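Here's the structure we're looking at; comments come further down.
Computed from heavy atoms alone, side chains included, the values below leave out hydrogens, waters and symmetry copies. A note on names: the letters A, B, ... follow the listed sequences, proteins ahead of strands, and every chain is numbered from 1. What you are looking at is a predicted structure, and each value in this text was computed from that prediction instead of being measured.
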Amino acid sequence: MTIRIYNSYTRKKEDFKPISNKKVRMFVCGPTVYDFSHLGHARTYIAYDVIAKWLRYKGFDLFYLMNITDIDDKIIKRAKENNEDPIKLARRFEEYFFKDMASLGIDTINLYARASEHIPEIIDQIKRLIEKGFAYVTKTGVYFDVSKFEDYGKLSHQDPEELKRHRIEPDPNKRNEQDFSLWKRRKEGEPYWDSPWGEGRPGWHIEDTAIAEKYLGQQYDIHGGGADLIFPHHEAEIAQMESVSGKKPMVRYWLHTGFLKVKGKKMAKSLGNYITIRDALKKYDAETLRLFFLSTYYRSPIDFYEEKIEQAKRALEALQRTVDNIKELNKRVDGLTEYEKTLEKIIEESRRGFEDAMDDDFNTPLALSHLFNLAREVNKLFNKQKDVNKRLADKLIATFKELGGIFGLLQKEGINEELPEELRMLIEKRKILKEKKDWKAADEIRKRLEDLGIILEDTPQGVKWKRKSS
RNA sequence: GCCGAGGUGACGGAACCAGGUUACGUACCCGCCUGCAGAGCGGGUUUAUAGGGGUUCAAAUCCCCUCCUCGGCUCCA
């Protein structure tokens, strides 16, 4: 089936047709590395991670590029406060960012590109903008002249006249108040590079288009980011790139993720509700966080409450339990029972349902529901039979792994931990007591093990144990 | 002021674009299973689609009005 994607630019779902057949080029705005990444970043980058995984699952040859803003006012400001070199500070937080991404299981990005390592490309793009008359030089730097670009405001659907109105502290050197900076002239104590317009550093928006042009070309398929970037950042990117290339559109599909709130409020340090990824990962594992985020459509806002994550945690545990149970079931090699035949059909239906949901603008909550449905059908099998056809079991596990894998879920191998001899003896002893129907003594052992953090469960397939979860 | 998102059960959250069983998950209750517990399965949780009007055989879905919440317009994923 064709993938349908909601395009923020047209505000409609459109059939996904990459520019060159099976090759897909995607750019997602990366972070400004001046502090630890927070749950808002996690939400956005998990969303694009799943989108990337889905495109690859569908057979597209995806190149996924992310920039890293390592030169920026905020970095410089923070560096001054810390009395640290700005580039060093940026490298430090970039390192933390990569670690956080890895912890969250985000592994789809082909290339990270630092702004500071693309100064020649940035300068070159600014040069071409000046040559074409879209940019001009002032005492403070180089600016983009938005009056020369008639589509300015199209992505955010704002009237350029309207945008003029509420600007703070107009710069007298600028032709139009909403003109944005391409090159900022050097100030004391700031990192700088040489340029035809004097020493200085690039503006924020030009980093992205220079990097994107280098690796993806002047026109590409998907550009993503948080909804907060629509204006002015993405608007500026369109202005820059389409002015330089003369080609429209710069990007076929604009994707924007919904905002993350914390208890109804925007997450902000000043409100004291700023949650970093690393802090969240101390309490919840990555799969739980992923399930939490993916339970909501990527475009919808999410309100973060601890209770909601608890819900996600339980749901994930149940799903994982089902998968683990299949693994532990005795395997037969003979033919399928009636119910197994039914189940085989349900596997296919679930996969189809999952695929259709994902094809419809990456509807992860709906796709998840098919995974849960399949799990329920599998659990019915456990109630009916003590063993399972091996081929079917393998297929079930493979399906859960593969579809779950698109979400970054169900990837943990059951821990084949051996219990200490002493504890195993206790379990053996309890088994004998149970056979003798000495329930009291058996329960005492179960209680004793529980106190040691071992939960015993009697199942039709025998005694199982697990560690108490925190 | 301008632009935008949204208000669905106890809670989270789909379905809205292409009108016709309120999916799925969590919690709680009952039943089955079990020696018990847990897990699982089945059923249920008083009127769940903000309110009002309209179109229609039929509205959560389309149109209009009202109320409320949140975000952007300055750095932001």
Review point. How would you label the contact of A:His256 with the nucleic acid (heavy atoms, under 4.0 Å): base, sugar-phosphate, or nothing?
Key: nothing
Practice item. Could you tell me whether the phosphate oxygens of B:rG40, OP1 or OP2, come under 4.0 Å of any side-chain nitrogen or oxygen in A:Lys384? Key: no
Point to revise | Taking every non-hydrogen atom, the tightest pair across A:Glu377 and A:Tyr339 | key: O-OH, 2.7 Å
Point to revise | P spacing across the pair B:rC64 / B:rG71, given as an integer number of angstrom | key: 26 Å
Check your understanding: What is the base-pairing partner of B:rG40, counting Watson-Crick and G-U wobble geometry with both distances under 3.5 Å?
Key -> B:rC32
**Study point:** Length of the line joining A:Glu235:CD and B:rG72:C1', which is rounded to integer Å
**Key:** 13 Å
**Study point:** Between A:Asn176 and A:Tyr143: side-chain donor-acceptor atoms closer than 3.5 Å
**Key:** no
Review point. Counting any heavy atom closer than 4.0 Å, what does A:Leu456 reach on the DNA or RNA strands: base, sugar-phosphate only, or nothing?
Key: base
**Study point:** Span that lies between the P atom of B:rU45 and that of B:rU56, in whole angstrom
**Key:** 35 Å
Practice item. Could you check whether the rings of A:Tyr112 and A:Phe97 sit parallel, tilted or perpendicular, using 30° and 60° as the cut-offs? Key: perpendicular
Check your understanding: Tell me: CZ of A:Phe372 to P of B:rA23, nearest whole Å?
Key -> 15 Å
Practice item. Once you apply the 3.5 Å cut-off to both distances, tell me the Watson-Crick or G-U wobble partner of B:rC62, or none. Key: B:rG54
Check your understanding: Picking from B:rC75, B:rG40, B:rA23, which would you name as closest to the side chain of A:Ser369?
Key -> B:rA23
Review point. Which is true for A:Leu260 with a 4.0 Å heavy-atom rule: it touches a base, it touches only sugar-phosphate, or it touches nothing?
Key: base
Exercise for review: Let me know, please, whether A:Arg299 or A:Gly226 comes out on the 5' side of the other along RNA chain B by nearest nucleotide.
Suggested key: A:Arg299
Check your understanding: Expressed in whole Å, how much space separates the P atoms belonging to B:rA37 and B:rC28?
Key -> 15 Å
**Study point:** Rounded distance in Å between the C1' positions of B:rC67 and B:rC30
**Key:** 40 Å
Practice item. May I ask you to say what A:Arg376 touches in the nucleic acid, namely base, sugar-phosphate or nothing, with a heavy-atom cut-off under 4.0 Å? Key: sugar-phosphate
Check your understanding: Side chains of A:Glu306 and A:Tyr284: is there a donor and an acceptor less than 3.5 Å apart?
Key -> yes
Exercise for review: Could you check whether the rings of A:His223 and A:His234 sit parallel, tilted or perpendicular, using 30° and 60° as the cut-offs?
Suggested key: perpendicular
Point to revise | Between B:rA77 (C1') and A:Arg43 (CZ): distance, integer Å | key: 10 Å
Point to revise | From B:rG4, B:rA77, B:rC41, nucleotide with atom closest to A:Thr32 side chain | key: B:rA77
Check your understanding: Considering every strand shown, what is the Watson-Crick or G-U wobble mate of B:rC16 when both distances are under 3.5 Å?
Key -> none
Review point. Using a heavy-atom distance cut-off of less than 4.0 Å, which residues of residues 436-452 of chain A contact RNA chain B?
Key: A:Trp439, A:Asp443, A:Arg446
Check your understanding: Considering every strand shown, what is the Watson-Crick or G-U wobble mate of B:rG9 when both distances are under 3.5 Å?
Key -> none
Check your understanding: What interatomic distance, in whole Å, is found between P of B:rC17 and the corresponding atom of B:rG53?
Key -> 23 Å
Practice item. Assign each of A:His370 and A:His233 to its nearest nucleotide of RNA chain B by heavy atoms, then name whichever residue's nucleotide is nearer the 5' end. Key: A:His370
**Study point:** Distance, rounded to the nearest Å, where A:His234 contributes NE2 and B:rC75 contributes P
**Key:** 14 Å
Review point. Hey, does the side chain of A:Glu14 reach the backbone of A:Arg4 with a donor-acceptor pair shorter than 3.5 angstrom?
Key: no
Point to revise | Separation of atom CZ in A:Phe231 from atom P in B:rA77, rounded to whole Å | key: 17 Å
Check your understanding: Between atom NZ in A:Lys261 and atom C1' in B:rU69, what is the gap in whole Å?
Key -> 7 Å
Check your understanding: A:Gly40 near the nucleic acid: base, sugar-phosphate alone, or nothing, with a heavy-atom cut-off under 4.0 Å?
Key -> base
**Study point:** Nearest to side-chain heavy atoms of A:Cys29, which nucleotide of B:rA77, B:rC41, B:rA39
**Key:** B:rA77
Review point. Heavy atoms under 4.0 Å, any strand shown: does A:Phe382 hit a base, just sugar-phosphate, or nothing?
Key: nothing
Review point. Can you tell me how far P in B:rG54 sits from the matching atom in B:rA59, rounded to whole Å?
Key: 12 Å
Review point. If we ignore angles and hydrogens, is there a donor and acceptor under 3.5 Å between the side chains of A:Thr288 and A:Asp285?
Key: yes
Exercise for review: Under 4.0 Å between any heavy atoms, over every strand shown, what does A:Leu229 touch: base, sugar-phosphate, or nothing? Just pick one.
Suggested key: sugar-phosphate
Point to revise | Among B:rU26, B:rG42, B:rC24, the nucleotide that comes nearest once only the side chain of A:Ala315 is considered | key: B:rU26
Exercise for review: Counting Watson-Crick and G-U wobble pairs only, both distances under 3.5 Å, name the nucleotide matched with B:rG1, or none.
Suggested key: B:rC73
Exercise for review: Take the angle between the ring planes of A:Tyr274 and A:His38 and call it parallel below 30°, perpendicular above 60°, tilted in between.
Suggested key: perpendicular
Exercise for review: Using the P atoms only, state how far B:rA18 lies from B:rC63, rounded to an integer number of Å.
Suggested key: 10 Å
Practice item. Check the distance between B:rA77's P and A:Asp228's CG and give it to me in whole angstrom. Key: 7 Å
Review point. Are a donor atom and an acceptor atom from the side chains of A:His41 and A:Asp100 found within less than 3.5 Å of each other?
Key: no
Please list, for nucleotides 12-19 of chain B, all pairs of protein and nucleotide N/O atoms separated by less than 3.5 Å.
unit_1: B:rA14; atom_1: OP1; unit_2: A:Tyr297; atom_2: N; d: 3.0
unit_1: B:rA14; atom_1: OP1; unit_2: A:Ser300; atom_2: OG; d: 3.4
unit_1: B:rA14; atom_1: O3'; unit_2: A:Asn363; atom_2: ND2; d: 3.2
unit_1: B:rA15; atom_1: OP1; unit_2: A:Asn363; atom_2: ND2; d: 2.8
unit_1: B:rC17; atom_1: N3; unit_2: A:Lys13; atom_2: NZ; d: 2.8
unit_1: B:rC17; atom_1: N4; unit_2: A:Lys13; atom_2: NZ; d: 3.2
unit_1: B:rC17; atom_1: N4; unit_2: A:Asp360; atom_2: OD2; d: 3.4

Check your understanding: Just how far, in rounded Å, is P of B:rA77 from CG of A:Asp208?
Key -> 11 Å
Practice item. Apply the ring-ring contact (aromatic ring centres under 6.0 Å, His included) test between A:His205 and each candidate in A:Trp183, A:Phe180, A:Phe144; give the one that qualifies. Key: A:Phe180
Practice item. Would you please say whether a donor-acceptor pair under 3.5 Å links the side chains of A:Asn379 and A:Arg376? Key: no
Practice item. Describe, in one word, how the ring planes of A:Phe27 and A:Tyr220 are oriented to each other, choosing from parallel (under 30°), tilted (30 to 60°) and perpendicular (over 60°). Key: tilted
Review point. What is the ring orientation for A:Tyr215 with A:His118, classed by angle as parallel under 30°, tilted 30 to 60°, or perpendicular over 60°?
Key: perpendicular
Point to revise | A:Asp458, nearest nucleotide to its side chain (from B:rC24, B:rC41, B:rC36) | key: B:rC36
Practice item. Using a heavy-atom cut-off of under 4.0 Å over every strand shown, decide if A:Gly224 touches base, sugar-phosphate, or nothing. Key: nothing
Point to revise | Separation of the C1' atoms in B:rC70 and B:rA15, to the nearest angstrom | key: 23 Å
Check your understanding: Which is true for A:Lys464 with a 4.0 Å heavy-atom rule: it touches a base, it touches only sugar-phosphate, or it touches nothing?
Key -> nothing
